[in-house]
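Quick one: the structure is below, and I'll ask about it shortly.
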Amino acid sequence: MKFHDPRHEYDRLREQGLTESDAGWVACRHADVVEIAQDPDRFSSAVSRFLQIPNGLDGEEHARMRRLLDPFFAPERMETLEPLLRSVAADLVAEISRGEVINAVTEFGARFAVRAQSQWLGWPSDLEDELLAWMAANFEASRSGELTQTAQVARRFDEIIRSIVEPRLTGSQARHGDVTDELIDVLRNEPDPEATLVSVLRNWTGGDLGSIALCIGVLVHWLAVHPEHQDSFRRLSDHELDQAIDEILRIDDPFVSNRRRATQDTTVDGVEIRAGERVVLNWTGANRDPAVFGDPEAFNPQRNAGQNVVYGTGPHVCPGRPLATLELRVTIQELLKAVSQIRLAADHSSKRARPPAGGFRSVPVVFD
Ligand code: HEM
């Protein structure tokens with residue numbers, strides 16, 4: 001069965017340059033997206049009425065927060081974390097029955113994302129089912145576009161985070177010496193430490209859970225459709241595999257867009273944008289721009305690495321990239337180590353997620 005692929009809509013929009021939509025101007029061309037993302041003076045990230053740290057901050061306030069938070073993703077930290085995440089991936093792969101149809105997004109990607117994140121942050125493993133239920137609700141809410149539903153889901157998530165953070169902040173619970181405790185120490189002297197912590201953790205976990213699950217769905221789908229690469233990927237070095245993964249995500253980028261607001265009257269690619277107007281940066285469209293990548297479907301990791309914007313660009317470039325890269329690498333390595341073949345399930349079709357989400361909501365596959 002043929003399914004609708006929103007990437008083709010972004011390909012079509014890109015040919016028209018900057019276009020108008022209900023959400024504001026939409027930029028799908030690589031040059032426009034990069035220009036806007038790299039110019040925070042003309043395009044502010046303060047687009048939400050909710051506190052978003054660091055996503056919704058600008059200027060020095062943003063830079064100060066990034067200085068505090070970026071060290072959590074430093075290379076030596078990722079090195080320490082690697083064996084832990086590798087065993088999460090290996091255990092999960094071992095749990096999945098061979099020869100049976102599974103949905104690679106929900107039963108593999110989402111489960112890995114939740115377990116990996118709980119290990120990283122030091123959260124109790126019995127939160128797994130609650131976090132999985134939250135992810136499903138969050139996915140449905142963003143699909144529906146219903147503001148009340150979205151707000152309800154956001155509240156539920158804040159409650160989960162508060163239940164972890166509050167007892168640690170007030171000292172009613174012993175220290176665990178984990179990443180969450182370290183984050184509490186770093187943010188303890190902020191004007192409103194609890195609100196700041198909840199916002200940072202929401203953006204970390206929001207960035208992590210959904211996007212990792214979707215990325216794993218895209219990667220497993222691509223490997224199933226390109227079986228010749230399953231074997232060649234087993235022989236790649238870590239660095240080569242990281243580049244290959246980034247390139248698959250460039251071709252099929254599930255982290256579709258972010259927003260900006262013009263701070264002044266300005267022009268992009270000859271189009272006039274007024275102060276206060278909204279702009280959507282469509283990373284998925286930019287990553288498929290033939291002006292930069294030639295044939296957008298052509299797999300060419302080395303050639304395309306320098307222009308790939310899966311993790312954004314400019315001052316808001318993804319701080320979690322080293323963690324995401326590590327999580328995706330160990331997942332693919334452990335999967336390819338444990339199975340002889342990944343194949344699309346016969347009589348089932350993959351289903352694309354609906355915008356604003358990217359990637360797939362369902363990738364039925366069989367691990368042999
Ligand atoms: C494969 C997974 C991921 C993808 C594709 C991704 C992509 C992105 C992109 C495109 C941006 C730029 C946003 C903008 O310019 O407005 C971004 C920002 C951000 N990401 Fe990620 N991300 C991923 C994983 C993660 C992880 C694992 C974390 C943290 C644990 C994370 C935390 C953040 C945060 C906090 C920001 C905002 C940074 C700022 O505003 O300064 N992301 N991400």
Side-chain angles (χ1 to χ4, degrees), residues 27 33-40 43-48 51-74 77-78 81 85 109-110 112-114 116-121 123 161 179-180 183 196-219 242 245-261 278-287 308-332 356-359:
V33 167
V34 169
E35 177 182 335
I36 296 165
Q38 292 186 350
D39 195 342
F43 297 99
S44 161
S45 286
V47 290
S48 170
L51 183 66
Q52 290 194 323
I53 303 174
N55 313 39
L57 304 178
D58 289 321
E60 180 46 35
E61 210 186 356
H62 174 253
R64 183 179 76 84
M65 269 299 160
R66 288 290 300 244
R67 283 195 297 275
L68 288 179
L69 299 172
D70 284 8
F72 282 90
F73 305 97
R77 281 183 169 262
M78 297 301 108
L81 193 58
L85 296 186
F112 171 78
V114 165
Q117 184 196 260
S118 298
Q119 285 286 344
W120 172 51
L121 292 172
W123 290 6
I161 298 180
V179 168
T180 305
L183 185 65
T196 308
L197 264 165
V198 170
S199 179
V200 169
L201 283 169
R202 189 194 313 117
N203 284 320
W204 277 5
T205 50
D208 193 354
L209 292 179
S211 41
I212 292 290
L214 290 170
C215 286
I216 290 176
V218 165
L219 295 171
D242 290 348
I245 288 173
D246 282 356
E247 174 67 347
I248 298 168
L249 300 177
R250 177 196 66 74
I251 295 168
D252 197 347
D253 184 352
F255 193 103
V256 179
S257 62
N258 286 104
R259 296 178 295 159
R260 296 291 189 268
R261 189 177 44 78
R278 310 222 157 210
V279 185
V280 177
L281 305 178
N282 189 307
W283 308 112
T284 308
N287 267 322
N308 186 323
V309 287
V310 166
Y311 292 99
T313 180
H316 289 267
V317 69
C318 181
R321 179 176 188 168
L323 176 62
T325 300
L326 172 63
E327 291 189 2
L328 298 175
R329 184 204 312 142
V330 297
T331 304
I332 295 304

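As the structure lists them, so they are numbered: ligands from 1, and atoms in each ligand from 1.
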Considering both backbone and side-chain atoms of Ser45, is one of its nitrogen or oxygen atoms within less than 3.5 Å of a nitrogen or oxygen in ligand 1?
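No; the residue has no nitrogen or oxygen that sits under 3.5 Å from a nitrogen or oxygen of the ligand.
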
Return yes if some donor-acceptor pair links the side-chain N/O of Arg321 with the main-chain N/O of Gly312 below 3.5 Å, else return no.
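No.
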
Within the 4.0 Å heavy-atom shell around Trp120, which atoms of ligand 1 are there?
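Counting from 1, the qualifying ligand atoms are 30 (C).
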
Ligand 1-proximal atoms of Arg66, by part, heavy-atom distance under 4.0 Å
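It is the side chain that gets close, since no backbone atom is under 4.0 Å.
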
Show me which atoms of ligand 1 lie under 4.0 Å from any heavy atom of Val310.
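So the atoms of ligand 1 that pass are 5 (C), 7 (C), 10 (C).
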
Given 3.5 Å as the limit, does a donor-acceptor pair link the side chain of Asp253 with the main chain of Asn287, or not?
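Such a contact is absent between Asp253 side chain and Asn287 backbone.
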
Could you check whether any side-chain N or O of Ser44 sits under 3.5 Å from a backbone N or O of Arg261, counting only pairs where one atom can act as donor and the other as acceptor?
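Judged by distance alone, no pair lies under 3.5 Å.
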
So between Arg259, Gln117, Arg260, Arg202, whose heavy atom ends up nearest atom 16 (O) of ligand 1?
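The nearest heavy atom belongs to Arg260.
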
Relative to the heavy atoms of Gly312, which atoms of ligand 1 are at a distance of less than 4.0 Å?
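Reading through ligand 1 atom by atom, the close ones are 10 (C).
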
Tyr311, portion touching ligand 1 at heavy-atom distance under 4.0 Å
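Both the backbone and the side chain of Tyr311 come within reach of ligand 1.
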
Please state which part of Asn258 comes within less than 4.0 Å of ligand 1, counting heavy atoms only: side chain, backbone, both or neither.
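Looking at Asn258 and ligand 1, just side chain atoms fall under 4.0 Å.
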
Is the closest heavy-atom distance from Ala37 to ligand 1 below 4.0 Å?
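False for this residue.
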
With a 4.0 Å heavy-atom cut-off (strictly under), which part of His62 contacts ligand 1: side chain, backbone, both or neither?
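Only the side chain of His62 comes within reach of ligand 1.
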
Which is it for Pro54 and ligand 1 at heavy atoms under 4.0 Å: side chain, backbone, both or neither?
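It is both backbone and side chain that touch ligand 1.
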
Which heavy-atom pair separates Leu183 from Val200 by the least distance, and what is that distance?
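Minimum heavy-atom contact is CD2-CG1, 4.0 Å.
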
With heavy atoms only and a cut-off of under 4.0 Å, state how Arg321 meets ligand 1: side chain, backbone, both or neither.
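Near ligand 1, Arg321 shows nothing, with every heavy atom at 4.0 Å or more.
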
Are any of the N/O atoms on His316, whether in the backbone or the side chain, positioned under 3.5 angstrom from an N/O atom of ligand 1?
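There is such a contact, yes.
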
Would you say the side-chain atoms of Asn282 pair up with the backbone N or O of Ser257, donor to acceptor, closer than 3.5 Å?
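Not at all, since once roles are kept as given, no pair shorter than 3.5 Å links the two residues.
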
Atoms in ligand 1 with a heavy atom of Phe255 nearer than 4.0 Å:
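Those of ligand 1 that fall under 4.0 Å from Phe255 are 4 (C), 5 (C), 6 (C), 7 (C), 8 (C), 9 (C), 10 (C), 43 (N).
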
Do you see a donor-acceptor pair shorter than 3.5 Å between the side chains of Asn308 and Asp246?
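Side-chain D/A pair, Asn308 to Asp246: absent.
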
Taking Ile53's backbone N and O only, do any of them form a donor-acceptor pair with Ser199's side chain (distance below 3.5 Å, no angle check)?
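Pair found, side chain donor or acceptor close to backbone of Ile53.
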
